[in-house]
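All remarks here apply to the structure that follows.
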Amino acid sequence: MDKIPILRMGAFLLVTIQVDLYDRLALNLESDLIQMVDKTRAKGVLIDISAVSIVDSFMGRIIGNIASMSRIMDAQTVVVGMQPAVAITLIELGLPLKGVHTALNVEKGMDLLKSMIDLEEEDEDQDLTEDDLIAE
Amino acid sequence: MILSLSKDTIEVVKEQDVVFTKNRVKEVAVRIKMGLVNQTRLITAASELLRNMMRYANGGKCTIEVVSSGRTNGIRLTFTDKGPGIPDIAKAMEDGFSTGKSLGLGLPGTKRLVNEFDIRSNVGEGTTVTIIKWANG
Ligand SMILES: Nc1ncnc2c1ncn2[C@@H]1O[C@H](COP(=O)(O)OP(=O)(O)O)[C@@H](O)[C@H]1O
Ligand SMILES: [Mg+2]
């Protein structure tokens with residue numbers, strides 16, 4: 001059976017989609033990725049779709065599902081490299097991929113993930129000091 | 001007046017047929033020099049309608065035609081199935097309406113992506129959806 005490889009890079013998972021996904025492949029990717037996030041406790045998921053020329057409502061929903069499931073498991077999702085024609089088509093189709101962060105390329109996507117995670121950690125530090133204050 | 005310049009019919013029963021049909025539409029779109037954004041709109045629309053045909057009617061046929069309006073060329077796609085038909089077309093055309101627990105964007109979204117959109121359906125007989133995308137426009 002065909003599978004899309006998921007690469008682990010430190011706290012992040014990287015998926016490069018090289019072909020236009022057909023439905024079963026996309027569904028497998030969704031479940032594999034969610035399992036991997038759970039197993040590795042990844043903090044971020046980077047999905048590179050620069051080689052993908054068609055995203056329809058089914059695929060769009062899968063990308064959205066990956067993002068919302070990952071969020072529940074405390075990981076952020078960034079979609080990188082979306083072709084402009086794909087972005088235009090998704091908007092006209094009526095699927096603006098709410099809640100999914102996007103970046104120009106993998107490098108920028110990594111930077112975005114790192115900054116989001118840093119922000120979260122700062123928030124946690126903040127929580128701690130507040131707790132300390134209450135404790136005093 | 002819309003003239004048909006070439007015609008090709010594909011039986012769509014398996015997932016490979018769906019992939020094959022989308023590739024075929026792409027080839028024809030490139031051949032008539034359709035702009036990239038229009039190609040993407042057309043193939044995305046085809047993807048939605050092929051999925052509907054597979055999912056709700058267990059497959060059907062797709063006809064790919066190169067058409068001419070005199071001023072410009074385009075592609076006409078006709079999706080015909082002998083599935084259960086659609087009881088309320090107006091409802092099915094609403095954003096978010098789905099009997100398949102999905103997004104309900106396939107039909108209304110497709111209509112927004114193409115230049116001409118026509119849907120006919122009879123309960124118990126089947127459904128035919130016809131779309132046209134002009135090469136430029
Ligand atoms: N070829 C078809 N045969 C029978 N019913 C169909 C067909 N295409 C669409 N439908 C009906 O129209 C509804 C809306 O379709 P669509 O807009 O593609 O959204 P979705 O597929 O997400 O439900 C479907 O849920 C289904 O009830
Ligand atoms: Mg649909």
Under 3.5 Å, which donor-acceptor pairs link chain A and chain B? Put them in a table for me, please.
from, atom 1, to, atom 2, distance (Å)
A:D23, N, B:E15, OE2, 3.1
A:D23, OD1, B:R51, NH2, 2.6
A:D23, OD2, B:R51, NE, 2.9
A:D23, OD2, B:R51, NH2, 3.1
A:R24, N, B:E15, OE2, 3.4
A:D56, OD2, B:S47, OG, 2.5
A:D56, OD2, B:R51, NH1, 2.7
A:D56, OD2, B:R51, NH2, 3.2
A:S57, N, B:E48, OE2, 2.5
A:S57, OG, B:E48, OE1, 3.0
A:S57, OG, B:E48, OE2, 2.9
A:R61, NH1, B:K101, O, 3.1
A:E92, O, B:R112, NE, 2.7
A:E92, OE1, B:R41, NE, 2.7
A:E92, OE2, B:R41, NH2, 2.9
A:L93, O, B:R112, NH2, 2.9

For residues 8-17 of chain A, dump all side-chain donor-acceptor pairs below 3.5 Å to protein atoms at least two apart in sequence or in another chain.
none

Can you give each donor-acceptor pair under 3.5 Å made by side-chain atoms of residues 100-113 of chain A, sequence neighbours left out, with the distance rounded to 0.1 Å?
from, atom 1, to, atom 2, distance (Å)
A:N105, OD1, A:E107, N, 3.3
A:N105, OD1, A:K108, N, 2.8

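Options A:G60, A:A85, A:P84, A:G94 differ in how many heavy-atom pairs under 4.5 Å they form with chain B, and the most are formed by A:A85.
A single hydrophobic cluster is not seen to contain both B:I132 and B:I64; linkage of ILVMFWY side chains at heavy-atom distances under 4.5 Å, directly or through other members, places them apart. Put simply, B:V37 and B:V25 are part of two different groups of oily side chains (I, L, V, M, F, W, Y) that touch within less than 4.5 Å, one to the next. Residues A:L46 and A:I6 are members of separate hydrophobic clusters, defined by side-chain heavy-atom contacts under 4.5 angstrom among Ile, Leu, Val, Met, Phe, Trp and Tyr. Under a hydrophobic clustering in which Ile, Leu, Val, Met, Phe, Trp and Tyr are joined whenever their side-chain heavy atoms come within less than 4.5 Å, directly or via other members, A:V55 and A:L33 fall into the same cluster.
Rounding to the nearest 0.5 angstrom, the gap separating the CD1 atom in A:I91 from the CG atom in B:L113 is 11.5 Å.
A salt bridge (charged side-chain N to carboxylate O under 4.0 Å, His left out) check over residues 75-88 of chain A, counting only residues at least two apart or in different chains, returns nothing.
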